Amino acid sequence: VQLQASGGGAVQAGGSLALSCVVSGDEDHINVMGWYRQVPGKQRELVARITWSGITEYGDSVVGRFAISRDNAKNTVYLQMNSLKPEDTAVYFCVADRSGHSWYTYDYQYWGQGTQVTVSS
C-alpha cells in the first residue's frame with residue numbers, strides 16, 4: 001500500500017490550501033484516514049482524521065479552520081485548510097489504516113511521505 005500526498009506549498013497567512021492523499025495498492029476498505037503534521041524538533045501532531053463512515057476528529061489548533069473529507073470510491077482523503085497561520089507551517093503526513101482499532105490507538109499501518117506547507121506572515 002502506498003500513500004501519495006499532494007497539494008502542499010507556500011501561502012500567506014489568512015490564505016487557503018488543499019491537500020489530497022491517494023491510497024494505492026491493496027487498498028480494500030481502508031477504515032481510518034487522516035493527516036498529521038510535524039515541525040522539526042517537535043512530535044507529530046494530529047491534524048484531522050476520518051473513518052470510513054465519515055466520523056471526524058480534529059486537533060484543537062485547527063478546529064473551525066480545517067476540514068477533512070474522503071472519497072471512499074477513490075481511496076482519497078482531502079484536507080481543506082483555511083485561515084492559515086504561520087504556526088501551521090509543517091510537513092503534513094497522510095495516514096491510513098484498515099483497522100477501526102486505530103481510531104482508539106492512534107497507531108496507523110501506513111504513512112505517506114509528507115508534503116511541506118509553509119505559511120508566511
Side-chain angles (χ1 to χ4, degrees):
V1 174
Q2 291 187 326
L3 278 63
Q4 182 65 49
S6 60
V11 66
Q12 288 190 327
S16 299
L17 281 174
L19 305 181
S20 62
C21 176
V22 180
V23 178
S24 62
D26 187 11
E27 67 271 19
D28 285 348
H29 200 90
I30 297 294
N31 195 327
V32 179
M33 301 183 76
W35 297 91
Y36 278 69
R37 65 188 183 188
Q38 188 169 25
V39 175
K42 294 188 176 181
Q43 285 190 328
R44 284 180 180 174
E45 173 190 22
L46 171 68
V47 177
R49 57 188 191 148
I50 185 169
T51 66
W52 176 270
S53 61
I55 297 170
T56 59
E57 180 184 8
Y58 292 91
D60 290 342
S61 62
V62 307
V63 171
R65 300 187 298 121
F66 291 12
I68 189 170
S69 61
R70 65 187 285 174
D71 184 333
N72 292 330
K74 296 181 178 179
N75 291 303
T76 302
V77 61
Y78 306 96
L79 185 69
Q80 178 64 43
M81 303 184 291
N82 299 323
S83 302
L84 283 159
K85 304 175 181 179
E87 50 264 44
D88 294 317
T89 296
V91 177
Y92 284 68
F93 296 90
C94 175
V95 299
D97 198 287
R98 289 195 183 89
S99 171
H101 292 298
S102 62
W103 189 258
Y104 305 99
T105 64
Y106 293 86
D107 187 18
Y108 310 95
Q109 288 175 290
Y110 309 112
W111 288 76
Q113 83 286 1
T115 184
Q116 177 70 44
V117 171
T118 302
V119 185
S120 58
S121 58

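Quick caveat: nothing in here was measured; it's all calculated off a predicted structure.
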Quick one: side-chain hydrogen bond (donor to acceptor under 3.5 Å, both in side chains) partners of [X], sequence neighbours excluded?
X: Thr76; result: none
X: Ser53; result: Thr51
X: Asp71; result: none
X: Ser16; result: Asn82

Would you say Gln38 has more than 12 foreign heavy atoms packed within less than 6.0 Å of its CD?
yes
Listed once per pair and sorted, the disulfide bond (SG atoms under 2.5 Å apart) pairs that draw on residues 86-121, sequence neighbours left out
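Pairs touching residues 86-121 that pass the test: Cys21-Cys94.
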Is any side-chain heavy atom of [Y] closer than 4.5 Å to one of [X]?
X: Leu3; Y: Val1; result: yes
X: Val23; Y: Tyr110; result: no
X: Leu19; Y: Val117; result: yes
X: Arg98; Y: Ile30; result: yes

Mind checking side-chain contact (heavy atoms from CB on, under 4.5 Å) for [X] and listing every partner two or more places apart, or none if nothing turns up?
X: Gln113; value: Gln4, Ala5
X: Thr105; value: Ser102, Asp107
X: Ser83; value: Arg65
X: Val91; value: Phe93, Gln116

Strictly by ring pair (Phe, Tyr, Trp, His ring centres under 6.0 Å), give each pair with a member in residues 48-69 just once, sequence neighbours left out.
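Checked against ring pair (Phe, Tyr, Trp, His ring centres under 6.0 Å) - neighbours excluded - the pairs reaching residues 48-69 are His29-Trp52.
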For a side-chain contact (heavy atoms from CB on, under 4.5 Å) with Trp35, tell me which candidate from Leu79, Ile50, Leu46, Val62 qualifies.
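Output: one option passes, namely Leu79.
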Give a yes-or-no answer on whether the side chains of Thr89 and Thr118 include a donor-acceptor pair shorter than 3.5 Å.
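No pair is found: no donor N or O on one side chain lies under 3.5 Å from an acceptor on the other.
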Which pairs with one or both residues in residues 36-55 pass salt bridge (Lys or Arg N to Asp or Glu O under 4.0 Å), sequence neighbours excluded?
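Applying salt bridge (Lys or Arg N to Asp or Glu O under 4.0 Å) to every pair that reaches into residues 36-55, excluding sequence neighbours, yields Arg37-Glu45, Arg37-Asp88, Arg49-Glu57.
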Residues which pass ring-ring contact (aromatic ring centres under 6.0 Å, His included) with Tyr108, listed by chain and number, not counting sequence neighbours:
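Tyr108 satisfies ring-ring contact (aromatic ring centres under 6.0 Å, His included) with Tyr36 once adjacent residues are dropped.
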